[in-house]
Participant: 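Here it is, the structure in full.
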There are 2 protein chains.
Amino acid sequence: MPKTIYDVARQAGVGIATVSRALNNQPNINKSTKEKILRIAGELNYTPHGLARGLARKHTHQIAAVVPFFFNYFFLGLLKNLQYQLTDHNYDLFLYSVDRIDNKETIFDRVLFERKCDGALILSLGIDDLYAKKFLRAKMPVILVDNYHPLLDSISIANIRGAKVAVEHLISQGYKKIALINGSLSSYPARSRLEGYKETLQSHNLVCRPEYVVNATGDMAQDGFNESAGYDAMQNLIALNDERPDAVFVASDVQALGALRAAKEYNIRIPEDIAVIGFDDIDFVKYVGLTTMRQPVQSMAELAVNRLLQRIDKKTSDKFQVELNAELVIRETCGCNKEGFHANQI
Amino acid sequence: MPKTIYDVARQAGVGIATVSRALNNQPNINKSTKEKILRIAGELNYTPHGLARGLARKHTHQIAAVVPFFFNYFFLGLLKNLQYQLTDHNYDLFLYSVDRIDNKETIFDRVLFERKCDGALILSLGIDDLYAKKFLRAKMPVILVDNYHPLLDSISIANIRGAKVAVEHLISQGYKKIALINGSLSSYPARSRLEGYKETLQSHNLVCRPEYVVNATGDMAQDGFNESAGYDAMQNLIALNDERPDAVFVASDVQALGALRAAKEYNIRIPEDIAVIGFDDIDFVKYVGLTTMRQPVQSMAELAVNRLLQRIDKKTSDKFQVELNAELVIRETCGCNKEGFHANQI
DNA sequence: CATATTTATGGAAGCGCTTCCAAAACAATA
DNA sequence: TATTGTTTTGGAAGCGCTTCCATAAATATG
């Protein structure tokens, strides 16, 4: 039978209030009684009951992470860092996964009203006005990570700028027929990356040919940021034959992996025939030599957690909307590496 | 201000006990009052307070997953499936990560005594007698996944057999000088895979040369199942020069990735100079053509969750220790694929 | 040494639920 | 209609903690 605070109190010959004071090292307690209580609590192997504590204190020291678990290796890295941060601050992590599009709201509602957590981190998930307001009204601290909403705190990537840097790199290597393989335009990052792509082409006086822009369509998993979408898109580009692009900016690494697979299958050499540059720098792409835009997941996690904790402690109230820059990581698939590495031969 | 059960009761003109009955659809309640209560609860946007519920019910409908978050892509796949299963059964997931070796026990204690969860899944983490007994004594249901302890339920991989299949495949391809790159022997899977490796060589009358067995040493992250350990080990094997093995069984895919990187750097062709076969079949290795032993993560997750839930519901009490078989997935690095694919040229 | 201050302590209420138990309401039987 | 049986219902206790408040002990002040 687990011990309660009453057991400790009885054993120590004091009242429960005193035990509570000792355990939470509050002031107004005699040093020696405190030591005695702590010792006895240790001997009895007593640990406070988490739920009871939460109920009495009106906060749980738990935070919820809502992730689209149809799984994207990018925010897996994010999740890892988030977890580290939270552990540092002694918060427990609830993991909610929205596996189907339609249960997103159900989960938001639970996070909002079940009161199992003091705050929430929402990863890579769009949120509409209705729910943004709900969060506000319920006074539930929330940080959007890798997404944006005007009413809420958010930490995202400067997608437009990232896309620009990527495309500009391609242009600087002499490529002129640059295509874009993108996620679904229903997602915020996809829209921004498209914008960056277009702007860059324009500012360099390159035509933006519609057949070079392949947005994932339909209500796909991961908003089209998945391997097979990349594969399909690359097939389309390859099918253009002599009108084929000489370089592709792929809006996510997973898609880029799919694109590489398609290239290999059709005997398209990378980067000789088509150069490829991705986005995210997920863990694995270094093994296939993919040039890509690295998202600073660690900083994102740090910022997100710090900010959320501040909100929870009511240390702040001003809005917080940060954009971090992605960084170009040059490997082999963009063709500017001397080694003459052929990514398509994997 | 969030609504309570009292608000609903007042609004509906009934007592709180009746509201509770309606909400948890218990028997002995008039159908029409139940409907009325449910309607009003809906109108008020009432959601029961999770902690209060847990405290009163003495169980939380939450389960803890303890994972070594120094991150291994293999049990990330596992975690994903676990999460799916749990969601299906309407359980919430607490994610505890043990990031340093020394906090494993702290976390076990918290899981055990804070009573925030009804049961625990412990992934890829060794557990000693002391804690095995603690779990038993505290009557905390627990399933070890990808590990084993005689006193506890466990679901693991038939590592010895898996290693056998891998090495036997290599032998069947005509390789005779077969090396092993392994994790740290402090881990259970590493020991078993070594055993399988040795047995197979013996049963085929091949000598088991000590310099061909590279176990990760020291207190490494992930028990030596990491990329750089694989890289280092492969370097050692390559340094053997004319005594070099003609094939390597690598005890995990992440290490295999490191091994491939080393091979590439030293211009060793895979599989012509050295064939490689991994273990796990993590998501990414298909892109580098790695032949490997696939772990059935989905079945593992299903079994683990079903079993844990049964334990929680006290539907069972007999011990449950399952070994699942890994399955050989042939790609290019073992050299039996006609396409003559060169994995080292990635 | 009496009184005023400060410090330490324990009892009790309350967090929001579930559930036991006794009472009320209703239906069925004689 | 009186009596028994069956549903429904609400009050109250209890889950294990924190915290308010009143009181007791210890210390300081005159």
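Proteins get letters first, then strands, A, B, ... in listed order; numbering begins at 1 in each.
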Participant: Going by heavy atoms in the side chains, are B/L78 and B/M300 under 4.5 Å from each other?
Facilitator: yes

Participant: Between C/dG16 atom P and B/L44 atom CG, what is the distance in whole Å?
Facilitator: 15 Å

Participant: Both A/K3 and B/N30 contact DNA chain D. Which one's nearest nucleotide lies toward the 5' end?
Facilitator: B/N30

Participant: Under 4.0 Å: is that the gap between some side-chain N or O of B/Y6 and OP1 or OP2 of C/dT18?
Facilitator: no

Participant: Identify whether any heavy atom of A/Q26 sits under 4.0 Å from a base atom; if not, whether one sits that close to sugar-phosphate; answer base, sugar-phosphate or nothing.
Facilitator: sugar-phosphate

Participant: Verify whether one side chain among B/N103 and B/R110 offers a donor that lies under 3.5 Å from an acceptor in the other.
Facilitator: no

Participant: Between B/R115 and B/I29, name the one whose nearest nucleotide on DNA chain D is closer to the 5' end.
Facilitator: B/I29

Participant: Give the rounded distance in Å between these two atoms: CG of A/L51 and C1' of C/dT18.
Facilitator: 14 Å

Participant: Can you measure B/H49 atom NE2 to D/dG16 atom P for me and round it to whole angstrom units?
Facilitator: 17 Å

Participant: How many Å lie between CZ on B/R57 and C1' on D/dG14, as a whole number?
Facilitator: 16 Å

Participant: Less than 4.0 Å between a side-chain N and a carboxylate O, is that true for A/R39 and A/E43?
Facilitator: yes

Participant: From CD1 of B/I37 over to P of D/dG10, roughly how many Å is that when rounded to an integer?
Facilitator: 8 Å

Participant: Please state whether the rings of B/F108 and B/F135 are parallel, tilted or perpendicular, taking 30° and 60° as the class boundaries.
Facilitator: perpendicular

Participant: Has the side chain of B/D118 got a donor or acceptor atom that lies under 3.5 Å from a matching backbone atom of B/T60?
Facilitator: yes

Participant: Looking at B/T18, I'd like to know whether one of its side-chain N or O atoms comes within less than 4.0 Å of OP1 or OP2 on D/dG10.
Facilitator: yes

Participant: So, B/S156 side chain and B/E323 main chain: donor-acceptor pair closer than 3.5 Å or not?
Facilitator: no

Participant: Tell me: NE2 of B/H59 to P of C/dT19, nearest whole Å?
Facilitator: 8 Å

Participant: CG/A/L86 to OH/A/Y91 distance, rounded to the nearest 0.5 angstrom?
Facilitator: 8.5 Å

Participant: Name the nucleic acid region contacted by B/G13, choosing base, sugar-phosphate or nothing; use a 4.0 angstrom heavy-atom cut-off, strictly under.
Facilitator: sugar-phosphate

Participant: Classify B/S20 by what it touches in the nucleic acid, base, sugar-phosphate, or nothing, heavy-atom distance under 4.0 Å.
Facilitator: base

Participant: Tell me whether the OP1 or OP2 atom of C/dT9 has a side-chain N or O from A/T33 closer than 4.0 Å.
Facilitator: yes

Participant: Could you go through nucleotides 21-23 of chain C and list every protein N or O atom that sits under 3.5 Å from one of its N or O atoms, giving the distance for each pair?
Facilitator:
none

Participant: Using heavy atoms to find the nearest nucleotide of DNA chain C for A/I16 and A/L55 separately, return the residue whose nucleotide is more 5′.
Facilitator: A/I16

Participant: According to a strict under-4.0 Å criterion, is A/T4 in side-chain N/O contact with OP1 or OP2 of D/dC15?
Facilitator: no

Participant: Choosing from D/dC17, C/dC15, C/dT18, which nucleotide comes nearest the side chain of A/Y46?
Facilitator: D/dC17

Participant: Considering all heavy atoms of both residues, which atom of A/L55 and which atom of B/L51 are nearest to each other, and what is their separation?
Facilitator: N-CD1, 3.8 Å

Participant: Quick one: B/R53 CZ to C/dT19 C1', roughly how many Å, whole number?
Facilitator: 14 Å

Participant: Specify the separation, in whole Å, of atom CG of A/N28 and atom C1' of D/dT18.
Facilitator: 15 Å

Participant: Between B/N24 and C/dT18, is there a side-chain N or O to OP1/OP2 distance below 4.0 Å?
Facilitator: yes

